[in-house]
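What follows is a set of notes on a single structure, which appears directly below.
The analysis underlying the following values was restricted to heavy atoms, covering all of them including side chains, and did not include hydrogens, waters or symmetry mates.
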Amino acid sequence: MALSSVLLTTGCGPSGGSAGDAKAAAGEPAGFPVTIDNCGVRTTYDEPPSRAVTIHQHPAELMLALGLEDRMVGTAFPDSAVLPELKKDYEAIPELAEREPSFEKVLDAGPDFVYGGYGSAFAENEGRSREAFAAVGIDTHLNREYCGRKRVTMKDTYDEIRTIGEIFGVPGQAGELVADLEDRVGKAAAKAGGGPRIPVFVYDSGDKSAFTAGGRSLGTELIRLAGGENVFAGLDDVFGDVSWEQVVERKPEAIVIYDYAGAGSVEEKKEFLLSRPALADVPAVRNKRFVVLPLTATLVGVRSAYAVEDLARGLHPASFR
């Protein structure tokens, strides 16, 4: 996967973005102050942050895709292989912790901005609340996917990119990245749209019950755009547990396996599904029709647009020959 020529033009003056981006690159913040309402927290930025810490991988990749590696002083909680074109920059940034770092560990990096991917980035019971950071003069931003209980769509991805572009004074670069991702999604959806919708079951994890993506998840929209239909789209949550009997009843023709650290390997998940006698007659299991996605590709971030193409190829391979 490649993130397009947008990445190659970052920081190259007017040809790489808007005049505002060029001013920002020259040390003149354009369009500031900027006020952002995020998950009930209103923050006014008088200038772009210069020392950002990201907690979770998808915020880090989003920032790197915007060419903001020189503003990053720490990352945490990688849960899948980093995109190849971002790997070198990602590895140059100090990793503060394998999972969420402690409040003190984040402070040690000297940030002026902390960007969390999951709600757990700012877990109050672990001393990392947004209020705690504000009390020591550090601004925070939470990925909009965790701002409330609503259905997440690709629009949330595009809006998140634009918002980070505003905060860091690179709106033109953000607009170019969004346009590229929209184009990729549109092309993949057009190729997959001509065939029948494929019933899809998302297998995240679980043995006694199945932990799956519900109707509020971005994964459900990615499946729809790729010419499929999440058989648990009626589950009114982002994720939830369902019984194996329910999986059998819905007769999925394809199974999307979410791949991430700490939940068993993809091969282990496949072996588990293939070994259960109760699932033997499920079309997806009988035909061994599996599509693998990194969990980070199903979240609000730069990977989701590529997930649509990967899913479409898996669900409608004939359309991509």
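In the hydrophobic cluster analysis, where Ile, Leu, Val, Met, Phe, Trp and Tyr join through side-chain heavy atoms closer than 4.5 angstrom, L68 is grouped together with L83.
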- Query: Are S217 and R151 close enough, and set up right, to give a side-chain hydrogen bond (donor to acceptor under 3.5 Å, both in side chains), and what steps lead you there?
  - Reply: CA-CA 6 Å; S217 70; R151 182 169 171 265; over 6 Å; no
- Task: Please report the C-alpha distance between T44 and T35 in whole Å, then the side-chain angles of each, then the deciding distance to 0.1 Å, and finally whether the side-chain hydrogen bond (donor to acceptor under 3.5 Å, both in side chains) criterion is met.
- Result: CA-CA 4 Å; T44 296; T35 298; 2.9 Å; yes
- Query: Step by step, would you call K105 with D108 a salt bridge (Lys or Arg N to Asp or Glu O under 4.0 Å)?
  - Reply: CA-CA 5 Å; K105 187 70 174 178; D108 285 345; 5.4 Å; no
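The closest donor-acceptor contact from the side chain of E229 to the backbone of R224 lies at 3.5 Å or more, if one exists at all. With hydrogens and angles disregarded, no donor-acceptor distance shorter than 3.5 Å links the side chain of D139 to the backbone of A134. Here the side chain of T212 pairs a donor or acceptor atom with the backbone of V202 at under 3.5 angstrom.
Aromatic ring centres of F168 and F113 lie closer together than 6.0 Å. For F32 and Y45, the ring centers are positioned 6.0 Å apart or more. Remark: aromatic rings of Y118 and H58 are close, center separation under 6.0 Å.
In plain terms, the two heavy atoms of A76 and P101 that are nearest each other are CB-CD, 3.5 Å. The shortest heavy-atom contact between A312 and A192 is CB-CB, 3.8 Å. Of all heavy-atom pairs spanning G227 and L315, the tightest one is C-CD1, 4.4 Å. Of all heavy-atom pairs between R162 and A174, the closest is CA-CB, 4.1 Å. Taking every heavy atom of both residues into account, N230 and A213 meet most closely at ND2-O, 2.9 Å. Nearest heavy atom pair, residue P111 against residue I138, reads O-CG1, 3.6 Å.
Shown here are the salt bridge (charged side-chain N to carboxylate O under 4.0 Å, His left out) partners of R313, two or more places apart in sequence or in another chain: E309.
R130 and T140 form a side-chain donor-acceptor contact under 3.5 Å, judged by distance and modelled atom types alone. At a cut-off of 3.5 Å, with distance as the only test, a side-chain donor of T296 or S80 sits close to an acceptor on the other residue. For the residue pair S50/D112, the side-chain donor-acceptor check at 3.5 Å is satisfied. Side chains of T75 and T54: a donor-acceptor N/O pair is absent below 3.5 angstrom, by distance only.
Environment of CG in D281: sparse, with no more than 12 heavy atoms of neighbouring residues, nucleotides or ligands closer than 6.0 Å. The number of heavy-atom neighbours closer than 6.0 Å to CD of E98, taken from other residues, nucleotides and ligands shown, is 12 or below. In R99, the CZ atom is not crowded: 12 or fewer heavy atoms of neighbouring residues, nucleotides or ligands sit closer than 6.0 Å.
Using cut-offs of 30° and 60° for the angle between ring planes, the W244 and Y203 rings count as tilted.
For the pairing with R216, the salt bridge (Lys or Arg N to Asp or Glu O under 4.0 Å) check across D237, D156, D236 returns one residue only, D236.
Relative to the six-membered ring of F103, R128 misses at least one condition, a distance below 6.0 Å or an angle of at most 45° to the axis.
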